[in-house]
Structures are given as structure tokens and as C-alpha cells.
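Working notes for the structure below.
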Amino acid sequence: MNDRRSIFWMRRDLRAHDNTALHAALSASDEVICVFVYDHTILDDLPKADRRVAFIHASVEEAGAALAKMGGKLLALEGDPKKVIPELARRHDVRRVFANDDYEPEARRRDDAIGEALAREDRELVLTKDQVLLHKDEVLSQSNAPYTRFTPYYRAWLKRLGEDEGVLRDFDTAALGKHFGTPPTGPSNIPLARLGFDDIDLDGLNLYPGTSGARRVFREFLGKIGDYMKTRNDLAIPGTSGLDIHLRFGTMSIREIFRELGKHVDTRNDGVNGWIREVCWREFFSQLLHNVPRVADGPYLEKYAKLDWVKGGASKRRLDAWKGAATGYPIVDAAMTQLNQTGAMHNRARLIAASFLVKILGVDWREGEAYFALKLNDYDQASNNGNWQWVASTGADAQPPYRIFNPSSQSKSYDPDARYIKHWLPALESIEARHLHEPWLREEPIPDYPAPIVDYAAALEECKRRYAAI
Ligand SMILES: Cc1cc2nc3c(=O)[nH]c(=O)nc-3n(C[C@H](O)[C@H](O)[C@H](O)COP(=O)(O)OP(=O)(O)OC[C@H]3O[C@@H](n4cnc5c(N)ncnc54)[C@H](O)[C@@H]3O)c2cc1C
């Protein structure tokens with residue numbers, strides 16, 4: 001066995017630069033084989049036109065080119081990683097496989113299986129932290145338990161960032177390029193069509209893949225981050241960073257983002273602080289899913305497993321109307337249209353649409369969670385689950401059960417001129433904004449637009465009864 005030859009397995013870290021696992025592999029070895037595996041156990045269940053697969057594919061292409069510039073080569077394979085990785089390790093007789101940690105329960109089961117398969121042959125899967133700044137049990141409460149409330153977690157997280165400069169270390173892979181050794185033969189990417197997927201116009205969706213795309217989006221955001229607290233809830237303007245898909249697929253290192261913030265903006269500014277706090281929600285939910293993996297299958301507050309959701313045909317009709325942007329509540333229908341057409345959805349719109357499904361339509365939050373998982377470009381199990389549970393009041397640090405987003409007042413506050421609604425529902429262009437916030441107050445129904453699927457006041461009472469019964 002060659003102790004000095006390793007594999008670097010690229011996953012949710014589609015970049016060559018500042019990559020912890022790649023850096024660890026290069027530091028420990030004379031030869032590093034870099035591999036990306038198109039995982040058919042995931043891909044086979046996806047629609048042929050999938051924006052995320054197209055984004056991944058283009059990002060793999062760019063990461064492969066970056067590795068080539070550094071003297072390496074990316075090998076693209078397809079299949080089930082549980083077979084592909086141990087086979088590759090055997091074929092090249094490597095001692096260690098390096099990869100960046102993934103905290104989703106299914107990914108952990110996969111990694112455990114691969115780790116065991118490698119160990120049977122005296123090899124090793126080495127997992128390193130890369131996806132988040134602080135992970136697993138790095139931020140614990142005074143009683144050494146994982147935090148389940150956001151605010152104390154946030155304070156402890158900030159303190160740790162302030163005290164430990166190493167958290168933002170640059171894992172400078174370019175400086176270690178000489179350790180790539182002889183590249184293996186094989187393609188550095190696989191055509192999308194061969195993988196069974198359609199090409200997608202990512203530019204048309206304002207999705208710019210790869211590290212170049214991430215840095216471009218980040219640079220643009222740096223110019224306006226100071227206004228973040230004023231603009232982040234305005235549905236009609238791009239007031240947030242748009243870095244979500246890049247953080248999801250690791251096209252830019254979270255450490256690089258924080259180092260750049262320190263260099264270019266005043267970190268005492270409200271906008272910058274507000275943005276850092278939002279990023280911390282991502283880390284909070286990541287450690288929560290890792291430490292309390294049962295949240296993936298049910299409510300964190302277990303008493304809410306007994307919530308009496310609307311069932312049967314009524315539930316299906318309501319869910320279908322919500323998915324199909326036909327609830328008769330324009331702000332909800334605009335949000336769902338944005339999701340269906342682009343895979344993106346503004347955070348405020350997510351809150352409104354999710355709250356409407358759970359609290360007004362009385363549909364089990366897991367139905368909404370599953371639909372977002374299918375559609376969102378930035379789908380991340382920890383953040384999606386954490387936010388759905390926040391909205392449904394079943395989560396670790398959730399909103400109280402009786403806090404219910406009123407779609408009309410949300411619409412008036414965050415889309416006063418109905419610009420967002422009219423953009424996504426252009427058939428409503430000629431209708432006055434006030435009638436789009438509350439269409440039922442209009443003398444004549446809006447032509448070719450559905451009547452409200454439920455009466456808001458009655459649904460509100462039903463929701464209160466549902467939660468009070470627990
Ligand atoms: C019901 C619901 C489901 C969601 N599902 C996901 C999901 O699957 N994946 C996902 O990344 N985000 C999810 N979010 C959180 C949030 O809506 C998105 O992170 C945000 O809209 C991404 O846009 P941005 O990058 O421009 O955000 P910005 O406002 O610029 O925030 C920067 C980054 O901080 C993180 N962040 C911001 N808000 C949150 C939050 N509430 N929770 C966790 N992280 C946050 C994200 O990584 C985001 O990219 C969900 C929110 C709701 C209400």
C-alpha cells in the first residue's frame with residue numbers, strides 16, 4: 001500500500017482553492033488523485049431538467065480547470081460512491097481518502113459505510129471541516145450541551161470567531177500543487193446528456209456557477225451590504241447576497257467570505273453585522289441537525305407530533321393549490337411561481353408561503369419541506385428543516401404557535417406597490433396594488449384569478465384550535 005498516495009473526494013466543496021480536505025490530502029501525500037462522483041443514488045430520482053445538476057456540472061468543469069492550472073487533474077466518475085470510492089482506493093492502492101464533512105443524516109450513513117469498507121482493507125476515510133466555520137460540538141453551552149436556542153449560540157459563536165484566528169485560516173492549496181503527482185487517466189467531466197440531464201440556461205436564471213460565479217456575486221454584494229438591514233425584506237429588490245447556492249455547493253469557501261469581509265467592509269456596520277447573524281443561522285441549524293438528527297424525521301418539540309393536520313382529500317387539494325400557485329392569495333401565489341419557475345425564493349416570501357401552508361391551510365409542514373427540497377436551488381437539509389420547523393413552531397428555537405403571518409399585512413409591508421406580485425403574476429399587472437393585497441375587498445372578482453382557497457379569519461381560528469389542543 002502506498003502511504004504517500006491519497007484520494008481527495010470532492011463533494012459539497014466544488015472548488016480547488018481554500019479547500020480543507022484537498023489541503024490535508026496534499027499536505028500528507030506525494031500524489032493526490034482528485035475525484036468527483038456523479039451519485040446515481042441521488043441523481044436517478046431527479047427530473048431531467050434540474051437546475052442544481054446543471055449548476056453542479058458547470059462548477060465541476062470550472063473546478064477541474066482550476067486543478068489543472070495547479071498541476072492536478074479532476075477525475076469524474078459516476079455510480080454509487082459506496083462502491084466507486086472503495087474500488088478507486090483499491091485500484092490505486094491508496095492509504096487514505098480525504099473529504100470534507102457532510103452533516104446530513106443520509107450523507108453520514110454513506111460516509112460511515114465507505115469508512116467501514118475502507119477500514120476492512122486497512123485504508124481510511126478522513127473527514128475535515130469545511131462547509132461551516134464552526135461545526136459539530138465546537139460551540140457548546142456552559143453545561144457542555146449543544147445549543148438549542150439561537151441567541152446564546154450566536155453569542156458563543158461570535159466569541160469563538162473573535163478568539164480563534166485559525167477558524168478563518170486560508171487552506172492554500174495552490175502553494176502545494178507539486179504534490180499532485182501523475183494524474184490518472186479518465187475524463188475530468190461527464191457530459192450532462194450522458195448523465196441523463198438537460199442543459200439549462202443558468203445565465204438566464206442569474207445563476208453563475210463555480211468559484212468565478214461566487215466571487216462575482218460576493219463582490220456585487222459587498223457594494224451594498226451596508227444597506228442589508230434596510231433592504232433584506234424588500235421583496236421587489238435584490239437586497240440579499242444571493243450566495244445561497246454557492247454556500248450550498250461550496251463554490252466559495254466560507255472562510256474566504258469572512259476574510260474578505262474583514263478586509264473590505266466595516267464589521268461594526270449594522271448591515272454587515274445583520275448579514276453575519278443570518279449566516280450564523282445556517283451554522284446553528286447545521287450543528288442542530290448534526291447533534292439532534294431526529295429533527296430530520298419529525299418535530300424537535302416532540303409533543304407536536306400529535307398536531308391534528310388537515311388530512312385526506314382536503315389536505316391534497318390545499319397542497320396542490322399551494323404548489324400550483326393557485327391559492328387566491330397573490331403574495332403566496334407569486335412566491336410559489338418564483339419557486340416553480342426559477343428554484344429561487346426570497347427569504348421573506350419563503351416565510352409567508354411556508355406559514356400560509358402550515359398555519360392557514362393546516363397542512364403538515366413536512367409536505368412543504370419536501371416540496372422545497374425538490375425545488376430550491378439552495379436546498380440544504382439543515383436550513384430547510386430548521387426553517388420549516390421555525391415557521392411551524394415545532395422547532396428548537398421556533399416562533400410561538402400563535403404568531404401567524406397574515407399574508408395581507410405581509411404583502412402590504414414588504415411589497416407595498418405589488419411589484420413582486422406583478423413580476424411573477426404578470427396577468428395581474430393592471431390590478432391596483434391594494435386589491436392585490438386583499439383581493440376579496442374588490443367589488444368584482446379579479447378576472448382569471450382564483451378566489452381565496454380558504455377564508456382567512458376562519459382558518460386562523462382553526463389554526464389556534466389545532467395548536468391549543470396540544
Ligand atoms: C421555509 C424556509 C426554507 C428555507 N430553506 C432553505 C434551504 O433549503 N437552504 C438555505 O440555504 N436556506 C434556506 N432558507 C433560509 C433563507 O431563506 C435562505 O438562506 C436565503 O433566502 C438565501 O438567500 P441569500 O443567500 O440571498 O441570503 P442572505 O440574506 O444574503 O444570507 C446569507 C446567507 O446566510 C444564510 N441564511 C440566511 N438566512 C438564513 C436562515 N433563515 N436560515 C439558515 N440560513 C440562512 C444562507 O446561507 C444565506 O445564503 C429557508 C428559509 C425558509 C423560511
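Numbering of ligands and ligand atoms starts at 1, following listing order.
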Pairs of donor and acceptor atoms involving the side chains of residues 144-158, under 3.5 Å and at least two apart or interchain, shall be tabulated with distances.
{"residue": "R149", "atom": "NH2", "partner": "D397", "partner atom": "OD1", "Å": "3.4"}
{"residue": "W157", "atom": "NE1", "partner": "E283", "partner atom": "OE1", "Å": "2.9"}

Side-chain donor-acceptor contacts of residues 230-239 below 3.5 Å, not counting sequence neighbours, with atom names and distances?
{"residue": "K230", "atom": "NZ", "partner": "D227", "partner atom": "OD1", "Å": "3.3"}
{"residue": "T231", "atom": "OG1", "partner": "D227", "partner atom": "O", "Å": "3.0"}
{"residue": "T231", "atom": "OG1", "partner": "G239", "partner atom": "O", "Å": "3.4"}
{"residue": "R232", "atom": "NH2", "partner": "E278", "partner atom": "OE2", "Å": "3.2"}
{"residue": "N233", "atom": "OD1", "partner": "R348", "partner atom": "NE", "Å": "3.1"}
{"residue": "N233", "atom": "OD1", "partner": "R348", "partner atom": "NH2", "Å": "3.2"}
{"residue": "D234", "atom": "OD1", "partner": "A236", "partner atom": "N", "Å": "3.0"}

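- With sequence neighbours excluded, the residues forming a side chain to side chain contact (heavy atoms under 4.5 Å, CB included) with S241 are F221, L243, W275, listed by chain and number.
- A donor atom on one side chain and an acceptor atom on the other are not found under 3.5 Å apart for Q287 and H135.
- Between W9 and F98, the ring center distance fails the sub-6.0 Å criterion.
- Sorted by chain and number, the heavy-atom contacts of ligand 1 below 4.0 Å come from Y228, T240, S241, G242, L243, D244, L247, W275, E278, V279, W281, R282, F285, N347, R350, L351, A354, F372, L376, D378, Y379, D380, S383, N384, N387, W388.
- With no hydrogens or angles considered, no side-chain donor-acceptor pair links N100 and Q131 at under 3.5 Å.
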